[in-house]
K.L.:
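Structure incoming, see below.
Just so we're on the same page: letters track the sequence lines, and every chain starts at 1.
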Amino acid sequence: MRNFKNLIKGFKVDEYELFFSNITTDNVSFKDNELKNIEDTISTGYGVRVIKDKHIGFSATNKYEDIKECMKNAIDSTNSTKRVKFSFPETKEFLNIETADVEWPFEERIRLGNKIVEEISKINQDIRLSVDLVKTKKRVEIFNSSGSELSCDIDSYLIVIFAFGFLKTGVFETFKVFHSLKKPPVDKLNLDSIIMLLKQAEQESVIDKGYYEVILSPIASYALMMTFAPHFDGKNVLKKSSPLYDKLNKKIFDEKLFITDNPLCDLANARPFDEEGVVAKPKKIVEKGVLLDFVNNLDTASELNTNPGNATRRSFKNLPAPSFSNFIISPGGNQFNKLLDSTEKAVYVDLVMGTRYNINGDVSVNIGLGYVIENGKFKGRIKNAMLAGNLYELFSNIKWISSDTEEIGSASIPFICLNNVSIVKK
Amino acid sequence: MDFLKLVQKIGEEYAEIHFEERKSLSIDFEGKDIENISQVTEYGGNARVFSNGNWGFANFIKPDESENALHKAIRIVKLLPQKSDKIYKSSPIRFNYKDELKFNLQNLSLNEKVDLLKKLYSILTASPKIIHTRINYSELELTKYYFSNEGSQIVQSFCYNSLILSATSKDGENLQEATDRITDRKGEIFEKSEELAHKVRDEAIELLSAQVPEGGVYDVILDQEMAGVFIHEAFGHLSEADFQYKNPALLNKFQLGTLIGAEFLNAVDDGTIKGEFGFFSYDDEGIPSSKTYLIKEGKLSSRLHSRVTAETMGEKPTGNARAQNYTFQPIVRMSCTYIEPTNTTKEELFDSIKRGIYVVGTKGGETGLEQFTFIAKKGYLIENGKKIKLLRNLTLSGNVFETLKNINGIANDLKFSGGYCGKFTQYQFVSTGSPHISIKNVIIGGI
């Protein structure tokens with residue numbers, strides 16, 4: 001890190017923190033089944049926080065020469081901002097994240113992208129594929145008045161496949177994500193589920209409005225869970241604008257549900273320390289359906305008298321806010337295929353549309369891609385259907401959770417079967 | 001750094017350099033506490049080169065890195081196999097623009113802005129039923145520079161201001177939330193802010209007594225905000241030529257001249273409306289913004305284009321290539337998208353509904369191109385033209401082509417809202433607008 005100490009000389013503050021991030025990305029991108037682009041991008045910048053007379057200030061810039069101006073702006077803002085109880089942490093040691101900077105030549109990515117397109121489009125010529133093969137290098141440095149001088153470099157490799165098309169039965173869309181910190185995730189690449197869903201979407205099935213067992217794909221579960229992720233945010237808990245604020249150690253979900261935040265595992269948001277310099281540790285959030293903890297940054301943790309460690313910045317321009325790093329739902333006991341075999345009648349939901357945060361956890365979403373399951377078999381897709389309910393009620397009535405999980409960038413999610421879900425149909 | 005001289009040295013078919021300077025302020029209240037006051041300055045640019053049917057792209061931070069980025073973009077484009085895409089060429093343009101402000105918010109000190117926002121907090125919390133509030137205020141001053149090897153130099157300075165107010169109400173275990181927003185390009189943002197605070201507070205309290213609708217198929221009336229988002233999300237994105245031009249199935253569905261709605265249905269995208277959040281003079285490829293009829297007299301009329309989609313499809317460019325910032329390439333985006341009004345009144349629309357739902361406001365929506373889902377702020381059950389019951393958790397869903405055909409009334413009360421649109425991980429400033437409209441047979445989600 002450059003000589004920040006010299007830049008901040010002469011500024012009278014009680015505490016300071018400099019956050020630096022530099023992210024370089026190169027992306028080989030396919031669209032509509034052909035190679036579209038190769039993009040090389042860089043984003044770099046500095047976020048400055050100060051604490052003066054217990055008030056916190058913030059400013060940011062991507063010009064190193066403007067850091068002094070940032071300090072002035074941050075100090076000015078302390079005249080109006082709230083009082084805080086926390087101090088910047090002194091962090092000397094942390095576990096390293098295993099990551100590797102491996103060559104992933106453009107030519108190799110182009111070949112792989114072409115192969116993915118060929119494999120799927122030979123099933124159906126009307127399918128249009130977008131494929132992104134991305135390598136990212138992220139460097140983070142945190143330097144604060146408590147003596148922390150931290151830096152880490154995280155490499156990340158991602159393959160994102162989005163399949164879209166107009167079939168006889170209507171619009172088909174699904175996507176898959178493959179990720180690794182150590183090398184291009186070519187050995188994780190598996191197109192079987194996309195191919196299966198595509199084949200099964202060639203015929204249409206009809207269901208009536210009513211209550212059904214609903215099997216959620218990992219992506220659908222994740223999308224629904226993220227609509228009420230803010231309920232676990234320490235900030236909302238503090239303000240009592242989360243319905244969970246008084247539910248600590250109480251049962252909020254089915255006992256089959258275990259949720260962990262784990263910044264140390266090989267998923268997209270792995271990091272050795274959070275974005276305030278607090279050492280990264282796994283945190284149990286829900287165990288056997290019981291709420292054990294919330295996600296907190298230094299500020300909310302100091303107010304709630306609990307542990308921080310979940311601070312994430314959207315970019316150097318943003319303040320660190322409580323957020324899940326890697327969101328893990330623990331797998332269940334049996335494989336998905338075996339559980340499916342024993343399913344008499346259900347609706348399989350691969351993709352949901354229209355998810356939005358709701359303060360109560362109420363949800364009403366379009367089934368973007370869904371199928372009828374009868375006697376363990378896919379019996380065709382359904383159209384113009386919505387599922388509705390309250391997510392706490394829905395996830396309190398879980399029939400099963402599969403042992404197989406899918407990694408979706410920064411999440412690891414199994415298949416989940418819910419009992420008694422309201423489906424509305426045209 | 002003489003960007004124009006630099007880019008004009010490039011002998012490829014087309015090359016451009018962008019550079020931008022941003023200065024932003026945001027003030028965030030959580031309850032009575034000012035969580036954050038953040039002032040951010042940022043600059044950066046990018047180089048794009050078009051050759052053999054392909055784009056190469058690289059961005060840079062400091063101006064003296066631009067030459068490197070340009071050469072990187074050239075190296076990248078040479079790696080790509082030849083494609084049949086073509087690019088529209090234009091004559092050189094020299095243009096300068098700056099948003100006309102009714103009031104310059106920079107003339108208010110930080111403390112004055114904080115005091116104005118504190119006043120809004122006191123309005124929001126003037127009821128014991130309100131347990132929590134949020135206020136997000138932001139200003140952005142953005143200057144964008146565009147240079148091309150056609151010899152163009154375009155400088156545009158914009159200001160984008162926004163105020164979002166949220167209030168959470170509580171009655172026993174029942175928690176409800178109301179949120180609303182003002183956007184502004186002229187510095188007038190505080191003029192309507194108190195009215196907004198009253199509205200948000202009252203709506204949060206009102207929602208405590210709202211009921212969840214029974215899911216099913218209804219005749220609906222959409223208010224201007226929801227109808228504006230509908231035409232933008234459900235239809236506007238389909239009109240973006242970068243979705244269509246390599247997709248024969250979508251092109252087939254979107255044949256110009258196809259009848260998709262009633263004769264009185266006209267939908268427009270217009271980037272030339274000064275003062276609207278989605279306004280700009282030139283897009284990010286140096287093409288002037290324009291008024292484009294997407295639907296005219298019920299028929300598909302035009303698409304929205306970039307230089308490449310226009311030339312490749314043999315159509316005129318429309319000036320709709322826009323990038324979120326210098327780390328992104330421009331893609332086809334809407335600007336100000338709206339349904340044109342007719343002579344029918346809102347009252348006449350209501351009178352035509354025996355039993356239906358009046359959908360008010362929107363918390364957002366999503367489209368899977370043909371399918372859409374939108375979430376309303378609230379609604380009312382209508383019987384015999386009258387609102388009889390307040391509703392919450394209202395979600396609309398459907399197939400866009402079927403729904404457009406089912407629009408059976410458009411009122412005369414056009415109104416615009418400013419906001420943000422997401423596409424392929426990029427966000428963009430847009431406006432949406434519409435009068436009240438009535439639609440038959442819409443799926444409403446409920447319990």
K.L.:
Counting only non-hydrogen atoms closer than 4.5 Å, does A/K317 touch chain B with its backbone (N, CA, C, O), its side chain (CB onward), both, or neither?
P.N.:
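It is both, since atoms from each part get that close.
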K.L.:
Counting only heavy atoms closer than 4.5 Å, note whether A/N358 contacts chain B via side chain, backbone, both or neither.
P.N.:
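The answer is the side chain of A/N358.
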K.L.:
For the residue pair A/R381 and A/F172, would you count it as a cation-pi contact if the rule is NZ or CZ under 6.0 angstrom from the ring centre and within 45 degrees of the ring axis?
P.N.:
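Cation-pi check for A/R381 and A/F172: fails.
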K.L.:
Under a 4.5 Å cutoff for heavy-atom pairs, which residue among B/N36, B/D28, B/T168 has the most contacts with chain A?
P.N.:
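So the answer, after comparing B/N36, B/D28, B/T168, is B/N36.
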K.L.:
Heavy-atom distance under 4.5 Å to chain A: side chain of B/R134, backbone, both or neither?
P.N.:
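Interface part for B/R134: side chain.
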K.L.:
For chain A, which candidate among B/Q329, B/E177, B/K363, B/R48 shows the most heavy-atom pairs at distances under 4.5 Å?
P.N.:
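Most heavy-atom pairs under 4.5 Å with chain A: B/Q329.
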K.L.:
Only counting residues at least two apart or in another chain, list the ones meeting ring pair (Phe, Tyr, Trp, His ring centres under 6.0 Å) with B/Y43.
P.N.:
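By the ring pair (Phe, Tyr, Trp, His ring centres under 6.0 Å) rule, B/Y43 matches B/F19.
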K.L.:
Salt bridge between B/K423 and B/E240, side-chain N to carboxylate O under 4.0 Å?
P.N.:
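A salt bridge is present here (some side-chain N lies under 4.0 Å from a carboxylate O).
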K.L.:
State which residues pass side chain to side chain contact (heavy atoms under 4.5 Å, CB included) with B/K170; sequence neighbours excluded, sorted by chain then number.
P.N.:
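Listed in chain order: A/Y245, B/I131, B/L175.
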K.L.:
Salt-bridge test for B/D242 and A/K31: reply yes if a basic N is under 4.0 Å from a carboxylate O, no otherwise.
P.N.:
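No, no charged N to carboxylate O under 4.0 Å.
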K.L.:
I need the residue from A/T61, A/N366, A/I423 with the largest number of non-hydrogen atom pairs under 4.5 Å to chain B.
P.N.:
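The residue among A/T61, A/N366, A/I423 with the greatest pair count is A/N366.
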K.L.:
Take A/D26 and A/R109, measure what salt bridge (Lys or Arg N to Asp or Glu O under 4.0 Å) needs, and give me the verdict at the end.
P.N.:
CA-CA 11 Å; A/D26 52 73; A/R109 290 188 243 182; 2.4 Å; yes
K.L.:
Check each atom of A/F58 against the heavy atoms of chain B and say whether the ones under 4.5 Å are side chain, backbone, both or neither.
P.N.:
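Answer is both: backbone and side chain atoms of A/F58 are under 4.5 Å from chain B.
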K.L.:
With a 4.5 angstrom heavy-atom cut-off, could you sort out which part of B/F374 is near chain A: side chain, backbone, both or neither?
P.N.:
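Neither the backbone nor the side chain of B/F374 comes within 4.5 Å of chain A.
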K.L.:
Less than 3.5 Å apart, any donor N or O on the side chain of B/S138 or B/S26 sitting next to an acceptor on the other?
P.N.:
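No.
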K.L.:
Tell me, side chain or backbone of A/E34 under 4.5 Å from chain B's heavy atoms, or both, or neither?
P.N.:
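Just its side chain gets close to chain B.
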K.L.:
Name the region of A/K235, side chain, backbone, both or neither, that has any atom closer than 4.5 Å to a heavy atom of chain B.
P.N.:
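The side chain, not the backbone.
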K.L.:
Between A/G354, A/G368, A/A74, which has the largest tally of heavy atom pairs under 4.5 Å with chain B?
P.N.:
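Top option by heavy-atom pairs under 4.5 Å: A/G354.
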K.L.:
Could you check whether any side-chain N or O of A/N33 sits under 3.5 Å from a backbone N or O of A/I127, counting only pairs where one atom can act as donor and the other as acceptor?
P.N.:
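Side chain of A/N33 to backbone of A/I127: a pair is present.
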K.L.:
Does one side chain, of B/T403 or B/N406, offer a donor that lies under 3.5 Å from an acceptor on the other?
P.N.:
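Their side chains do not contain a donor-acceptor pair, so the 3.5 Å distance test is not met.
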K.L.:
Heavy-atom distance under 4.5 Å to chain B: side chain of A/R128, backbone, both or neither?
P.N.:
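Answer is side chain: those atoms of A/R128 sit under 4.5 Å from chain B.
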K.L.:
Side chain from CB out, backbone as N, CA, C, O: work out which of these in A/L319 comes under 4.5 Å of a heavy atom of chain B, or both, or neither.
P.N.:
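Only the side chain of A/L319 comes within 4.5 Å of chain B.
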K.L.:
Tell me, for B/N111 versus chain A, whether the close heavy atoms (under 4.5 Å) come from the side chain, the backbone, both or neither.
P.N.:
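When you check distances to chain A, only side chain atoms of B/N111 fall under 4.5 Å.
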K.L.:
Where does A/D66 contact chain B at under 4.5 Å (heavy atoms): side chain, backbone, both or neither?
P.N.:
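Only the side chain of A/D66 comes within 4.5 Å of chain B.
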K.L.:
If you compare all heavy atoms of B/A73 against all heavy atoms of B/A47, which two are closest, and at what distance to 0.1 Å?
P.N.:
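Distance-wise, the nearest heavy atoms are CB-O, 3.8 Å.
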K.L.:
Please classify the contact of B/Y245 with chain A as side chain, backbone, both or neither, using a heavy-atom distance under 4.5 Å.
P.N.:
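Only the side chain of B/Y245 comes within 4.5 Å of chain A.
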K.L.:
According to the interplanar angle, ranging from 0 to 90°, do the rings of A/Y392 and A/F228 count as parallel (below 30°), tilted (30 to 60°) or perpendicular (above 60°)?
P.N.:
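Ring orientation of A/Y392 relative to A/F228: tilted.
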K.L.:
Quick one: which of A/N37, A/D132, A/T41 gives a side-chain hydrogen bond (donor to acceptor under 3.5 Å, both in side chains) with A/N27?
P.N.:
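In the set A/N37, A/D132, A/T41, the residue that makes a side-chain hydrogen bond (donor to acceptor under 3.5 Å, both in side chains) with A/N27 is A/D132.
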K.L.:
With a 4.5 angstrom heavy-atom cut-off, could you sort out which part of B/F401 is near chain A: side chain, backbone, both or neither?
P.N.:
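Neither part.
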K.L.:
Under 3.5 Å, is there a donor-acceptor pair between the side chain of B/Q426 and the main chain of B/Q324?
P.N.:
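Yes: the side chain of B/Q426 pairs with the backbone of B/Q324.
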K.L.:
Of the backbone (N, CA, C, O) and the side chain (C-beta and beyond), which part of A/F162 lies under 4.5 Å from a heavy atom of chain B, both, or neither?
P.N.:
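For A/F162, there is no contact with chain B at all, as no heavy atom is under 4.5 Å.
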K.L.:
Heavy-atom distances under 4.5 Å only: say whether B/K253 touches chain A with side chain, backbone, both or neither.
P.N.:
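It is the side chain, since no backbone atom gets that close.
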K.L.:
With a 4.5 angstrom heavy-atom cut-off, could you sort out which part of B/K32 is near chain A: side chain, backbone, both or neither?
P.N.:
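Contact with chain A involves no heavy atom of B/K32 at all.
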K.L.:
Heavy-atom distance under 4.5 Å to chain A: side chain of B/R392, backbone, both or neither?
P.N.:
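Contact with chain A involves the side chain of B/R392 alone.
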